Amino acid sequence: MTEWYDVTNNEAVKDLAEAQVLYIDIREPEEYLEEHVPGSVNIPVSRLAQTDWAPYQGAQVMLSCRSGKRTQINKAEILQKGLGEVYCLAGGIEQWKSAGLPTVKR
């Protein structure tokens, strides 16, 4: 069963970044292209149901959107995808940046 953890502080974000968990950004492609976490995977919220989640089965995943709201709204659907531990960035990519971690900008 997938475990869900809300990440609410910058030290935890840094620890997860160092642990090299898979970062999945659920923002729409245009938002993702504007700025995203290096090495992240973009699975837009509009495509959650159509995505093949098999490559991510059992994986430790950090999920985020811009502020964390879309991730929380879609929590029930994401929990059904067979992931391992899921860490939800409560503050989204904005929290990632406030932790001083790098992003890729268009």
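Quick caveat, the model's predicted, so the values are computed rather than measured.
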| Side chain proximity check, Met62 to Ile24, heavy atoms < 4.5 angstrom | no

| query | Where is the tightest heavy-atom contact between His36 and Ser40, given as atom of each residue plus distance? | reply | CD2-OG, 3.7 Å

| remark: Closest non-hydrogen atoms of Gln95 and Ala90, given as atom of the first, atom of the second and distance, are OE1-N, 3.3 Å

| query | Side chains of Trp4 and Cys88: closer than 4.5 Å at any heavy-atom pair? | reply | yes

| query | Minimum heavy-atom separation for Glu35 to Ile93, with atom names? | reply | O-CD1, 3.8 Å

| field | Atom pair CG (Asp15) and OH (Tyr87), whose distance is rounded to the nearest 0.5 Å | value | 10.5 Å

| message | Looking at every non-hydrogen atom in both residues, tell me the closest pair between Thr2 and Gly84 and how far apart they are. | response | CG2-O, 3.0 Å

| query | Roughly how far, to the nearest 0.5 Å, is the CG atom of Asn74 from the CG atom of Leu79? | reply | 11.0 Å

| With side chains defined as the heavy atoms from C-beta onward, is the minimum distance between Leu16 and Lys14 less than 4.5 Å? | no

| request: Please work out whether the ring planes of Tyr23 and Trp96 are parallel, tilted or perpendicular, with thresholds of 30° and 60°. | output: perpendicular

| query | Could you state the interatomic distance from CD (Gln60) to CD (Glu85), rounded to the nearest 0.5 Å? | reply | 4.5 Å

| remark: Here the gap from Ser64 atom OG to Arg27 atom CZ, rounded to the nearest 0.5 Å, amounts to 6.5 Å

| task | May I ask you to test the Val13-Leu101 pair for a side-chain heavy-atom distance under 4.5 Å? | result | yes

| request: Using atom types as modelled and distance alone, determine if a side-chain donor or acceptor of Asn9 lies under 3.5 Å from a backbone N or O of Ala12. | output: yes

| task | For Gln72 and Asp6, test the side chains for any donor-to-acceptor distance below 3.5 angstrom and give the result as yes or no. | result | yes

| note | Taken to the nearest 0.5 Å, the spacing of Leu89 CG from Leu63 CG works out to 9.0 Å

| request: Any chance you could measure Ile78, atom CD1, to Lys75, atom NZ, to the nearest 0.5 Å? | output: 10.0 Å

| task | Mark yes or no for whether Asp25, through its side chain, and Asn42, through its backbone, hold a donor-acceptor pair below 3.5 Å. | result | no

| Given Thr103 and Lys105, is the side-chain contact (heavy atoms from CB on, under 4.5 Å) satisfied, shown in steps? | CA-CA 6 Å; Thr103 62; Lys105 293 184 181 182; 4.1 Å; yes

| said: Please determine whether the number of non-hydrogen atoms from other residues, nucleotides or ligands lying under 6.0 Å from atom CD of Gln20 exceeds 12. | reply: no

| task | Evaluate the ring planes of Tyr56 and Trp53, with Trp represented by its six-membered ring, and classify them as parallel (under 30°), tilted (30 to 60°) or perpendicular (over 60°). | result | perpendicular

| What are the two closest non-hydrogen atoms of Pro44 and Pro29, and how far apart are they? | CG-CD, 3.7 Å

| query | Going by atom types alone, do Glu34 and Tyr32 pair a side-chain donor with an acceptor below 3.5 Å? | reply | no

| said: For a 4.5 angstrom cut-off between non-hydrogen side-chain atoms, does Val61 reach Val21? | reply: no

| said: On a heavy-atom basis, which atom in Cys65 and which in Arg70 lie closest, and how many Å separate them? | reply: SG-N, 3.5 Å

